[in-house]
Protein chains: 2
Amino acid sequence: MLLTLTEENYLKAIYHLSEDGSTVVSTNAIADKIETKASSVTDMLKKLAEKNLITHIKYKGVTLTETGRRTAINIVRKHRLWEVFLVEKLNFSWDEVHDVAEQLEHIKSPKLIKELDAFLEFPTHDPHGDPIPNANGKIKQTKKIILSNAQNNINYACVGVIDSSSEFLKYLDKHNISIGTSLKVIDKEKFDLSMTIVIGDKTMVMSQAITSNIYVKAHNGQ
Amino acid sequence: MLLTLTEENYLKAIYHLSEDGSTVVSTNAIADKIETKASSVTDMLKKLAEKNLITHIKYKGVTLTETGRRTAINIVRKHRLWEVFLVEKLNFSWDEVHDVAEQLEHIKSPKLIKELDAFLEFPTHDPHGDPIPNANGKIKQTKKIILSNAQNNINYACVGVIDSSSEFLKYLDKHNISIGTSLKVIDKEKFDLSMTIVIGDKTMVMSQAITSNIYVKAHNGQ
DNA sequence: AATTAATTTTAGACTAATCTAAAAATATAT
DNA sequence: ATATATTTTTAGATTAGTCTAAAATTAATT
Ligand SMILES: [Mn+2]
Ligand SMILES: [Mn+2]
Ligand SMILES: [Mn+2]
Ligand SMILES: [Mn+2]
């Protein structure tokens, strides 16, 4: 089915809001995400329901159909592959890629994505650590935790971010934190939940505003 | 100024029809090229004139303004750079690139094009032999002639095509003719204007339908 | 020069996507 | 349980881009 750019953006928004398509999403949540009005969302929901991409129960909420979910995942796949391309091949930094990828994700050409994937040597994660769905829509979820919930004196590696705003990513760059960076919590302050963290040979304190936006996973040795 | 995808397509069409912006273009010519109706074209011409991208004299025709020309050339630049990318990096053949480039040319990101240009090592021509305007809009025109006007027993190199339809490009592929191929006319038939041509160690006859769609330039030695 | 033909523009209607304002339904609080 | 607040949907309008049919202009023929 041929979808407009706008329809694709709605599907992707619903997909992200529904946590990979598993929960019900509200009209207002979509309006917030797309930065549009609730009435516009209602109009679009009718169109998407008509095309069997979503199930919409009036006043109750929206879920993606299997077709809708597959379509959304494919857009996410394209978005993340393009982000890898921009960082790996065109010298973009990880805080610059999102807006361009928002445009590139709508280019329609199966061959283009197939070849891009191969050209990038089949990457599994985008520059922010988010997993790239494979051509069949399968997503390899790594069991990650939020840094603010990490335990003391265990080795972790940074595997992703929650806030991927340019401001936050620049903060991380400034402190030499990126995907793969090893870190260890040596203290957590009970008063403000700030953490003392060792990164390489440096020790720094991170506020909860920071630690609640970084994903880590247990990092065996090295 | 922010232009819509449609406005960009109109500007590019006018640019191509006006031979690099130098001649007057008719409403019907644009309608044919864009595959739309003349009345739709008239509507759009009003918008583009309003934005000072074209000069439109009612019933007389259209010319690009300097701003319009610059804008059109930038779209052509992006189109051709993406075509090079698709062929050089993603294994597209020269007859497959056009439709995808039609989409990619509208991606808005100066950095993207700057970096893509560098990544491709500043190509000067697209896969069909058309020159790629530089970042300032300058186009290096090679003095080329149409093969059907070539003289006998002079060495030429193929430098471009006029018809870049998939059908024609596949014909050329089949006979191992591509940009850079050396060839020599050894006879031209007066009756049907067909030519006998030597390509490498093979000799073949080309009808006028073929020879009138190939650009060549004199090829010194080799 | 007058008639016919072709081109171009206008008038009015349509779809996609959006908005504001008002109505309907659901949720929350007393 | 009733009143109030919030969320969601409808109604009606707007803009971009397109279309058909008719009118206006220009070009080509007799
Ligand atoms: Mn992104
Ligand atoms: Mn990302
Ligand atoms: Mn092309
Ligand atoms: Mn080309």
Side-chain angles (χ1 to χ4, degrees), chain A residues 1-18 23-64 68 71-72 75 102-103 105-108, chain B residues 1-18 23-64 68 71-72 75 102-103 105-108:
Chain A
M1 208 181 322
L2 288 83
L3 300 184
T4 65
L5 184 147
T6 311
E7 288 170 331
E8 289 191 346
N9 281 337
Y10 271 88
L11 283 182
K12 191 174 61 134
I14 296 167
Y15 172 77
H16 284 312
L17 289 167
S18 68
T23 65
V24 176
V25 176
S26 77
T27 300
N28 266 354
I30 299 168
D32 276 5
K33 180 138 237 176
I34 308 244
E35 294 187 291
T36 185
K37 300 290 157 148
S39 56
S40 305
V41 174
T42 304
D43 286 346
M44 180 58 81
L45 294 183
K46 282 178 191 159
K47 275 184 59 181
L48 295 174
E50 181 59 40
K51 295 190 178 187
N52 289 306
L53 295 162
I54 62 168
T55 304
H56 181 215
I57 301 173
K58 262 201 195 177
Y59 292 104
K60 290 301 182 180
V62 183
T63 49
L64 291 172
T71 308
I75 302 161
E102 280 296 314
Q103 301 178 59
E105 72 189 2
H106 301 290
I107 303 293
K108 275 145 187 93
Chain B
M1 205 181 322
L2 288 85
L3 300 184
T4 66
L5 183 148
T6 311
E7 288 170 331
E8 290 191 344
N9 281 337
Y10 272 90
L11 283 182
K12 191 175 60 136
I14 296 167
Y15 172 76
H16 284 313
L17 290 167
S18 68
T23 65
V24 176
V25 175
S26 76
T27 301
N28 267 354
I30 299 168
D32 276 6
K33 180 138 238 177
I34 308 240
E35 294 187 291
T36 186
K37 301 289 155 147
S39 56
S40 305
V41 174
T42 304
D43 286 345
M44 180 57 82
L45 294 182
K46 282 178 191 157
K47 274 183 60 180
L48 295 175
E50 182 59 40
K51 294 189 176 185
N52 289 307
L53 296 162
I54 62 169
T55 305
H56 181 213
I57 302 173
K58 261 200 196 178
Y59 292 102
K60 291 299 182 182
V62 183
T63 50
L64 290 172
T71 308
I75 300 161
E102 281 296 314
Q103 301 178 59
E105 71 189 3
H106 301 291
I107 303 293
K108 272 140 187 102

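First the proteins, then the strands, lettered A, B, ... as listed; each starts at 1. Since we're looking at a predicted model, the values are computed, not measured.
- In this structure, B:Lys51 and B:Glu7 approach most closely via the heavy-atom pair NZ-OE2, 3.0 Å.
- Residue-to-nucleotide proximity on DNA chain C shows that, of B:Asn28 and A:Lys60, the 5′-proximal contact is made by B:Asn28.
- The shortest distance between side-chain heavy atoms of A:Lys12 and A:Lys33 does not fall below 4.5 Å.
- Between the side chain of A:Ser39 and the base of C:dT18 there is no donor-acceptor pair of N/O atoms closer than 3.5 Å.
- Residue B:Asn9 contributes atom CG, which lies 14 Å from atom C1' of D:dT18 at whole-angstrom precision.
- Dashed line: the shortest gap from a side-chain N or O of B:Lys37 to OP1 or OP2 of C:dT8 is not under 4.0 Å.
- What separates CE of A:Met44 from P of C:dC19 is a distance of 11 Å, to the nearest Å.
- With contacts defined as side-chain heavy-atom distances shorter than 4.5 Å, the pair B:Gln103/B:Leu5 does not qualify.
- At least one donor-acceptor pair closer than 3.5 Å links the side chain of A:Lys108 to the backbone N or O of A:His106.
- Straight-line distance from the CG atom of A:Leu2 to the C1' atom of C:dA16: 15 Å, rounded to whole Å.
- Residue contacts shown for A:Thr27 are limited to sugar-phosphate atoms, with no base heavy atom under 4.0 Å away.
- Heavy atoms of B:Ser40 sit under 4.0 angstrom from at least one base atom.
- When the nucleotides C:dT9, C:dA16, C:dT18 are ranked by their closest atom to the side chain of B:Ala38, C:dT9 comes out on top.
- B:Leu64 and B:Ala72 get closest at one heavy-atom pair: CD1-CB, 4.4 Å.
- Of the candidate nucleotides D:dT9, D:dC19, D:dT25, D:dT25 has the atom lying nearest to any side-chain atom of B:Tyr59.
- Closest contact between the side chain of B:Tyr10 and the listed nucleotides D:dT8, D:dT18, C:dT18 involves D:dT18.
- OP1 and OP2 of C:dT7 both lie 4.0 Å or more from every side-chain N or O belonging to B:Ser26.
- Comparing A:Lys58 and A:Glu35 along DNA chain C, the residue whose closest nucleotide (by nearest heavy atom) sits nearer the 5' end is A:Glu35.
- Rounded to whole angstrom, the span from the CG atom of B:Leu5 across to the P atom of D:dT18 amounts to 10 Å.
- In terms of phosphate contacts, B:His56 brings a side-chain nitrogen or oxygen within less than 4.0 Å of OP1 or OP2 of C:dT9.
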